[in-house]
Each structure stands twice: as C-alpha cells, then as structure tokens.
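Ligands are counted one by one from 1 in listed order, and the atoms in each one are counted from 1 as well. Residues take their numbers from the sequence shown, with the count starting at 1.
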Amino acid sequence: MTTEFPPLLGYADRLSVWAGETVAVKVSSYLKGHYTARLVRTICADPNPEGIGLTEASVASEFSGSYPARIQPFRPGSCAKIALPSESAFPKTFTLTAMIWPTRLASGKQVVFSIGKADSGPGLMLGLAEDGRPWVAARLADGDWAEVILKGPLGERRWTRLSVTVNGLTNTLTLRARNGETREKSQLVADKPVALSTEVPDSLIIAAAHAPGSRLNFNGKIEGPAVREGDFELDEFDQTQKQGALFAQWDFSRDIPSSRIVDIGPYQLHGELVNFPARAMTGSNWDGSEMCWRHAPDQYGAIHFHEDDIYDFNWDTDFLFHVPKELQPGVYGIRLEQEEFQDTVPLFVCPPRGQRTARICVLVSTFTYTVYGNHARPDYDPSWKKKIEAWDAYPWNPAEYPHYGCSTYNFHSDRSGICHASHRRPLFNLRPGYLTFGANACSGLRHFQADSHLIAWLEHQGYDYDIVTDRELHDEGFSAIAGYALVTTGSHPEYHTPETLDALLQYRDQGGHLCYLGGNGFYWRVAIHKENPSLIEIRRAEGGIRAWASEPGEYYNAFDGQYGGLWRRNGRPPQALVGVGFSSQGRFYGSYYRRTPESYDVRFAWMFEGIDDELIGDFGFSGGGAAGFELDRYDHFLGSPANTVVLASSENHNDTFVVVPEEKLTHTANAAGVSDTELIRADMVYFETPAGGAVFSTGSITFCGSLPHNGFKNNVSGLLGNVFNRFLGVR
Ligand SMILES: [Fe+2]
C-alpha cells in the first residue's frame, strides 16, 4: 500500500440530488478484495468528544453491499488535444510556433508542442529543457533522438516567440527563440531521416507530451500556436505575405467559455482542452486599453496551462444510487468500508423536485464547499494527527495530498492562483469529522462540519426541514425555495451566482422569512461552466480578503464573461440582501454579542423571551464564542435597509482581528470614516419586508457553533428557537 494515495476514496457525480433522481458513485481502492457500501444519515459531523460527537444513523438502501476493489487512476495537468485526420497530411517541411509565457522555468522538461501517435508516443517535442532553455527533440527513423537546445534561459513571465522548423528533405532541425532580451537560432542536420517525414502523425498535443505516464506538462501561457508549411524566420510570423502557407493556427480567443479550441486554418483541426486550463488570459498584445475580454478578444488569445490542473477525475462508476422519492430530505453519506479504512461520500438529498416535505428549508452552501474543496491550509501541521486520532476524526488532510488538486484558496505550482473548482473528485475536507483547525482549543470546524451544528440543533429541537443546495437554487431559481415558511443558511454562504442571489432576493421580497446564520456571506461572485456544471470559476479581482490576486486585465470570468470578484464591486453588497456584510476578520476565536438598548423594545420581546442575559453566546464549539473569526456589520451606505434594527453587537475581540481590505482607504482612514476598532464587530440584525416577510442575520461565522453548547440549552439556541418559531407562525 502506498502512502501517496489514501487507500479507499470515492466521490459522486453530484453533491446534491432531488429525491427520485440518480447519483453515480465512483470509488478507487488500493486494497485487495472487496469494499462495502451503505447509506448513513449525518446528524452531527463534529467529532469533538466534549460535544455531542459524530452522530449518524444507518439507512437502508438499494446499493448496500459489496463491490470489487480497484484502483482508479487520475492524471493532473492540463493540455489541448487535436486529432490529425489522415487527409490533413503533415507538410514535409514545416514550422511550429507559438508565443509562450513560461511560469515555472527550470522545473524539468516542459512540452509546448508534441506531435506523434497516441499509441507509439511523440515524434517531435518542442518546449523547454530541464534548466528552462528552449529545446526541441525529434525522433529519427532508427529510434534515436536528435536534440537542439538554445543557449540562453528565457525570462519567467516574459513573452517569447518560440519556433522549430523541421526540414524533412534535408533532415534539418532549426530552433529559434526571440523576446525583448534575447534572439537565438541553432540548427542541427541529422544523419538519419526525421521520423515525422516518413510516419503520419495522428495527433498534436499542446502543453503536454504524448508520453504515457509522464506528460511533461507546460506551466504558463501559450498564445497563437500554429503550424506553417515551409521554413520561417521569426520575424516573418509578424508579416502577412507568407500567410498562404498556413497549415493550422489555433485561436484561443474564440469560444473562450468552452473547452474547445478553434483552428482557423484550412483543415479546421479543432481541439479539446483537458483538465480545464485557465482561459480569457491576457495575451502578448494586451495593452491595457480593455479590461474585458469580450470587448477585445484579440488581446485575450492566451491560455494558462498548469501541470497540476485537475478538476474532474473521470473515474468509472462503481454503482448507482436511485434515491427513493420517499427518502427523507437531509444530509447523507455514502459510507465506503474496507479493512480498517473508510470514506464517506457526502450527498445532500433534497425533496422530490417541485415538492416540499417541511416548512423549513436549509440552504446548503455547496458552491462554497466546492470552492474550498481540498483547501491545503498553510498552517496545517502533522502534529494535529494526535488530536485527529484521539477524536477519531477524518484522517486525510489535503495539505498532505496536494496531487489530488488543491482549492481556489491555494496556488498552482507556478504561484498563479487556482481559479477553478469541482467536486468531481474526492474532497478530503468535505467529510464528517474533518478538522479544519487542528491546534485550537475548540472543535476547529468550518463549512460542512460546522454547518452540522445547525443540522444537529434542528434534529434535537424536533424541527422538520428540507434541504436545498446552491446547485438547485442556481438551476431552478426562486422556485427551488418558493413556499417555504423559512429559509436558513448555514455558517458561511460565501459564493454566489447572479441566479442564486436573485432567487434569495425574490424569496425575501415575496414575503419569505430568511435567516442568515453566518459571516462573510454573499461575498464573492462565481460562474458555472456551461458544459461541466460541477465546475466553478472564481476570479479574485480587485479587493477583499484574497488568497491570491487575479492578474491585471484578468478580472472577467471566462465562463460567463462577467466581472468577477466581490459582489460589493458588482453593485450587490451583502448588506442589501441580509442587512449586514463583511467587516472584520481575525484568527479562529469567538467572542460574544452584547444586546443593544433597541433590542429591549417591546417589539422584540418575542425574540428574547426566556433570555435574561445581556451577553449572548459567550461560549461555543467554534472559536469559543458565537461572534468570531469572520464578522459582518450593518452599514446603511452599503445597502442595509433603513428599517434594519441592530439587536446585538459583538465586542472584546482579540488583537488578531483587522478591518477587511475593501474597507481600508489609507493606512489611517477607512471608507466608513470611523475608527477601525468600531468596524471590528458582528451585528445581529432584524428587519421586516413590505410583503410581510422578515430577515434575521447573525453576522458571524461562528454563531452556529454555539447552538450545541450545554446540551443545546443556552441563549443562542433559545434566541434562534424564538426566531424560528415566530417565522413558522408557531407562536
Ligand atoms: Fe470564506
């Protein structure tokens, strides 16, 4: 057994399903024999023994049983593949060229072009040698390789025109490179024929090699790759008089939202992208006159390839789960077990399409879960394993398995930001019992596991609830949540499309009751890929708390052409939807709220019934307090409705808390024009809408972590119960 791969892992083709529909489950096992699969319902995903602990229920299912174990491989690295039909006979003498912008020089051989056969490998590779110098290798008729390497290294993140001419008559290879700093040319005459002059290649790959097992992926941008008949000097590519010799030229500025690359040459040799490299990237001719690729596509003819791009493992299906229509909506797991190992593939089961089985709808933030999928945290420390073992927590951490593809909170190996995310692969941090922060005194949970505090509370208090996720909300819009008496988020509904925001706004304004039980919600704009809807794009544009920064000129999404980044920069600050928006972040610590004088108004007596405390939530399993880590505040300037009432505000945050960058103007001034200290707070707010609905927001990401405190008997639980009961019309 290898330690490079956890022995038993699975994923499903979808994270959520309407009851009555089907899920395909894919499993890879490095163990011999059979694994078993069964269905569980997840009540609490927090393994902290001081709390209620991991809680689940077994559920009978048609797929329960034993399946043969098999290894399913996956192969990171993006590239473009072009099939060469036999009628498009390769010219006897040709020149291959592209503009390249390498981002990881001297990290091993990297291939820009590979021409060859799918079964027998490459006949010609053009790219960079181990040390980053321009390189070409051609297979000769007897199987030997002829190589040419130029002298000068290329600059990283500098555009270079690279070309090779293969003269099949004289068996000459001519390698050329030119950029603002260097111009080089070197020639080799082989003593044997070049294989490509006698063999007919069946495929051309851009940014990787044909070689099975080692694809020698290129890291960086490629623009305007082309094949021309004849021998060209580099300068001649800038002229038009020899255009008639064009064999193929791929224009990456066409069909940018798709996975197709378009050949504008005579043979229409269109290709397919593999593993979703980044498109709508600035090209060598981008001059800053346009920021949006839709307005000047000719300046966006580059694709950024990465050796570690991987978003859809494309594993074969092991079994199908036909979710029965009568299955109670909820949070489920497909439990895989073999020897002492197990894995749990999460599945959020919604009611049957078009139906409701409860009056409460929990909106599960699957877009946010996916965007954080396999977040390899820089603060991960192997010493956490002691706690993981003691708590019987989920054992695998993405920081130890980066080859499974990291999250959009991580960098590629070339230090460019990861801007694509997908759940069609095992996501270690989307498992019951996974610890995000292993060194904290609290449970240290975020996302799926933290949201299970709310699920556990609903179960304990005896509320019936349905599940709808971002996926259904995006696809179906308002109709996915229409008719519920109450829609509630979890701890961190951060990532949204225009469709999900529209649906929530419509629900609110048509008299719905909306609870936002988190912090830093409704923050980033994301786009969904039209061909592969499990693929999400995020451009970390302009400002905000950013894990990395999009490059200038690359703020517009490739998937939908819209301006990426914060919703605040897109005319929709979160305050306008839920009354509060992101204001401050610190380390994973929680403090408490103090009730405001307004909260004692008789109009809110129902909300605080049974609560004598002035301080709310000075306890909890997330950060030790209900107001912590990521804090949102009321701001009328940013759209908090005029009738918003601040019921409680947090205070006493430790000195790790800072004001978010989008609020800062200078080293001393912020946009609100008050002291920074005043902006370091969570506001708990309430407002009613003209149609008879209402919104309750907590403005803190750690709020739900306080619900299970003291066996669910506490003032956070009491307060939320009062709000829910009012919204449900129970009292
Ligand atoms: Fe976040």
Quiz item: Are any side-chain N or O atoms of D451 and backbone N or O atoms of G490, one a donor and one an acceptor, separated by less than 3.5 Å?
Solution: no
Quiz item: So does E494 have any N/O/S atom less than 2.8 Å away from the Fe ion (ligand 1)?
Solution: yes
Quiz item: Of W567, F582, Y516, which meets ring-ring contact (aromatic ring centres under 6.0 Å, His included) against F522?
Solution: Y516
Self-check item: Aromatic ring pairing F448/Y369, orientation class (parallel under 30°, perpendicular over 60°, tilted between)
Solution: perpendicular
Self-check item: Under 3.5 Å donor-acceptor, N670 side chain and G673 backbone
Solution: yes
Quiz item: Got a sec: is N520 within less than 2.8 Å of the Fe ion (ligand 1) via an N/O/S atom?
Solution: no
Quiz prompt | the Fe ion (ligand 1) - closest N/O/S atom in H492 | solution = NE2
